[in-house]
Amino acid sequence: MVSNRLPFSLRRAARRWRADPASGGLVTALLPVLRDRGGTWVGWSGAPGAVKQFAAALRAVGRDAGYTLVGVPLAEAEVRDFYQGFANEVIWPLFHDLPSLCNFEPAYWRTYCKVNRKYAKAVHARATARSFVWAHDYHLMNLAAELRLLGSRARLGFFLHIPFPPPDIFLKLPWRRPLLQALLKYDLVGFQTARDRRNFLACVQAVQLDARGTRVGEFPISIDFNAFMRRAAAPDVAAKALELHRLLPKRRLVLGIDRLDYTKGIPLRLAAFQHLLARYPEMRGRVSLMQVVVPSREDIPRYHQLRNEIEQLVGKINGAYARPGGWVPIWYEYRNLSRVELLAYYRAADIALVTPLKDGMNLVAKEYCACSIEEDCVLILSEFAGAAPQLAAGALLVNPYDVEGVATAIREAYFMPAHERTARMRRIRRLIRQQDVFHWVDSYLRAAITKDLRAFPRTQAAADEIPEMQLPL
Ligand code: GDG
């Protein structure tokens with residue numbers, strides 16, 4: 001496994017470094033795979049400086065978790081130009097269809113290549129021709145190309161967690177050709193949805209590259225459904241959810257939880273909520289929006305601006321509609337929630353408002369449904385989230401740019417009869433349970449190692465699919 005960051009968080013305890021394994025769905029799903037087959041995870045520790053300082057902590061976590069951890073040291077300038085620069089100021093906005101937010105600084109690309117080489121060396125030192133290397137996400141798109149230059153004969157797979165843009169957006173990238181060429185050095189390139197896979201192939205055709213030898217597929221990522229459901233039913237979570245209802249009594253709770261990010265559509269969501277209160281006065285006092293914004297990428301100026309914009313909007317809406325001693329339209333929090341709090345917020349919310357402008361998948365949507373153990377809640381979901389095609393059978397799909405449409409959907413969710421809420425939620429929950437994160441890992445790995453393409457209808461040889469493509473350019 002290779003990812004930008006290693007799957008744990010480092011903290012200093014009594015003059016020694018301690019590393020706590022991360023508890024995300026991806027790590028949970030991969031843990032048994034790595035433990036059973038013996039695996040290695042290569043990534044940056046997240047702390048500047050030499051790996052030597054935390055080598056003992058890395059070894060200890062690896063011993064407990066059952067796999068080897070290999071740290072890639074990154075200098076401060078590399079973190080700035082590779083991680084904050086190329087990854088988060090070029091690829092992140094571009095791949096989310098926001099090219100006007102891109103900073104196409106040439107130094108960023110050079111550092112991106114250099115840092116990918118660094119990761120490749122760390123991988124190559126440990127991989128043999130019989131290894132399978134699975135690289136994750138947009139930080140490591142050049143890894144296979146660098147590994148091949150080093151002479152690696154390992155089988156190489158890649159999974160993109162974020163969307164892949166259509167050609168008219170992607171072709172703005174000054175390094176479009178070398179980047180696509182690098183991706184085509186992987187044996188398998190996995191995307192979240194059919195949309196992303198189609199966009200990738202259209203770009204490959206647009207720059208006329210030879211895609212023979214690369215296989216592409218769609219593998220919608222998911223969550224550990226049963227673990228979420230079980231934890232959501234625990235007494236500490238139930239007590240906390242009840243407390244939320246006591247604090248915000250006699251109203252339906254609408255929940256938004258997002259990392260601070262301009263792709264999550266938070267200002268437009270607030271505008272939609274304001275429109276609901278203005279256009280349908282009978283909704284005042286009946287619903288409250290709980291908006292949690294989780295701090296993220298705080299070193300990047302655009303994220304600062306976004307936080308200010310959100311907080312001004314919340315202030316404006318609460319200022320216009322709050323009543324003394326009574327109802328306040330928006331309950332806003334800017335902080336990290338603990339696991340128990342997160343689950344309690346999911347459980348307490350009657351309606352979830354998940355309205356990203358574009359999202360690879362959006363796990364918050366799936367987690368919310370898994371925690372809806374009474375099956376009587378409503379999910380309002382953006383058409384542009386990767387989760388939309390899967391969850392369309394039960395969610396209310398909205399265009400996040402259409403504030404009137406989103407306001408109407410909140411009203412529709414509020415008045416939706418109980419039997420319809422249950423029928424919809426049941427459909428989505430069944431699907432998430434069947435296609436959970438273990439299913440995701442399994443289908444990706446089987447596609448990566450099989451020789452028989454017919455066994456994998458959702459996987460294609462890239463070159464076979466391209467001739468049928470309609471070029472949108
Ligand atoms: C990228 C892609 C794709 C949130 N707040 C708290 C908290 N969370 C956890 C959630 C969830 C995760 O963070 C957020 O995942 P998302 O999928 O919603 O979004 P990104 O972070 O942008 O992830 C995305 C994903 O990769 C996987 O492929 O779905 O499209 O952008 O798991 O539970 N966790 C805790 N406290 C919080 O306050 N503990």
When you measure from the side chain of [X] to the backbone of [Y], do you find a donor-acceptor pair of N or O atoms at a distance under 3.5 Å?
| X | Y | value |
| --- | --- | --- |
| His96 | Trp92 | yes |
| Tyr119 | Asn4 | yes |
| Arg424 | Gly394 | yes |
| Ser382 | Leu357 | no |
| Arg230 | Phe225 | no |
| Arg429 | Ala370 | yes |
| Asp261 | Thr263 | yes |
| Ser131 | Val133 | no |
| Arg155 | Ala448 | yes |
| Ser152 | Leu147 | no |

Quick one: list whatever passes side-chain contact (heavy atoms from CB on, under 4.5 Å) with [X], sequence neighbours left out.
| X | result |
| --- | --- |
| Leu149 | Glu146 |
| Thr193 | Arg195, Asp196 |
| Asp81 | Ala107, Tyr108, Thr111 |
| Arg130 | Thr128 |

- Task: Name all pairs fulfilling the salt bridge (Lys or Arg N to Asp or Glu O under 4.0 Å) condition that reach into residues 82-97, sequence neighbours left out, sorted by first residue then second.
- Result: Asp97-Lys358

To check you understand the geometry: which heavy-atom pair defines the closest contact between [X] and [Y], and what is its length?
| X | Y | value |
| --- | --- | --- |
| Pro389 | Ala385 | CD-O, 3.9 Å |
| Arg335 | Val292 | O-CG1, 4.0 Å |
| Pro165 | Asn199 | O-CB, 3.2 Å |
| Arg347 | Ala241 | CB-CB, 4.1 Å |
| Ala395 | Leu381 | CB-CB, 4.1 Å |
| Phe228 | Cys371 | CD2-SG, 3.9 Å |

Among all residues two or more places apart in sequence or in another chain, which pass the salt bridge (charged side-chain N to carboxylate O under 4.0 Å, His left out) test with [X]?
| X | answer |
| --- | --- |
| Asp236 | Arg231 |
| Glu105 | none |
| Lys366 | none |
| Arg63 | none |

- Message: Is the distance from the ring center of Phe170 to that of Phe200 below 6.0 Å?
- Response: no

- Taking the inter-plane angle between the rings of Trp41 and Tyr67 on a 0 to 90° scale, is it parallel (under 30°), tilted (30 to 60°) or perpendicular (over 60°)? tilted

- Query: Charged N to carboxylate O under 4.0 angstrom, Arg148 versus Asp187?
  - Reply: yes

- Message: For Arg430, is there an ion pair with Glu375 - N to carboxylate O distance below 4.0 angstrom?
- Response: no

Is it true that [Y] and [X] share a donor-acceptor pair across their side chains at a distance under 3.5 Å?
| X | Y | answer |
| --- | --- | --- |
| Asp359 | Asn362 | yes |
| Asp258 | Gln291 | yes |
| Tyr138 | Asn88 | yes |
| Glu298 | Tyr303 | no |
| Thr355 | Arg269 | yes |
| Tyr345 | Glu333 | yes |

- Query: Could you state the interatomic distance from CG (Leu260) to NE2 (His304), rounded to the nearest 0.5 Å?
  - Reply: 9.5 Å

- What distance separates Lys185 NZ from Thr214 OG1, expressed to the nearest 0.5 Å? 8.0 Å

Quick one, [X] and [Y] - any side-chain contact, counting heavy atoms below 4.5 Å?
| X | Y | result |
| --- | --- | --- |
| Leu379 | Ile351 | no |
| Leu173 | Leu179 | yes |
| Leu58 | Phe8 | yes |
| Tyr332 | Ile310 | yes |
| Leu6 | Val70 | no |
| Phe164 | Cys203 | yes |
| Ile162 | Ile91 | yes |
| Val294 | Tyr334 | no |

- Item | Audit row: Tyr83, Glu78, side chain to side chain contact (heavy atoms under 4.5 Å, CB included) steps and yes/no | CA-CA 7 Å; Tyr83 175 69; Glu78 288 174 335; over 6 Å; no

- Item | Step-by-step side chain to side chain contact (heavy atoms under 4.5 Å, CB included) determination, Met1 to Val42 | CA-CA 6 Å; Met1 296 288 300; Val42 180; over 6 Å; no

- Heavy-atom count around Arg177 CZ within 6.0 Å, excluding the residue itself: above 12? yes

- Task: Starting from the C-alpha separation in whole Å, work towards a yes-or-no answer on side chain to side chain contact (heavy atoms under 4.5 Å, CB included) for Leu209 and Gln181.
- Result: CA-CA 7 Å; Leu209 286 173; Gln181 270 166 333; 3.6 Å; yes

- Message: Would Arg80 and Glu76 count as a salt bridge (charged side-chain N to carboxylate O under 4.0 Å, His left out) here? Give the steps.
- Response: CA-CA 6 Å; Arg80 193 189 58 224; Glu76 250 171 66; over 6 Å; no

- Stepwise, does the side chain to side chain contact (heavy atoms under 4.5 Å, CB included) test hold for Arg302 with Leu101? CA-CA 9 Å; Arg302 184 152 315 267; Leu101 300 188; 3.4 Å; yes

Taking ring pair (Phe, Tyr, Trp, His ring centres under 6.0 Å) as the test, write out the residues that go with [X], two or more places apart.
| X | result |
| --- | --- |
| His161 | His136, Phe159 |
| Phe86 | Trp109, Tyr112, Trp175 |
| Phe158 | Tyr186 |

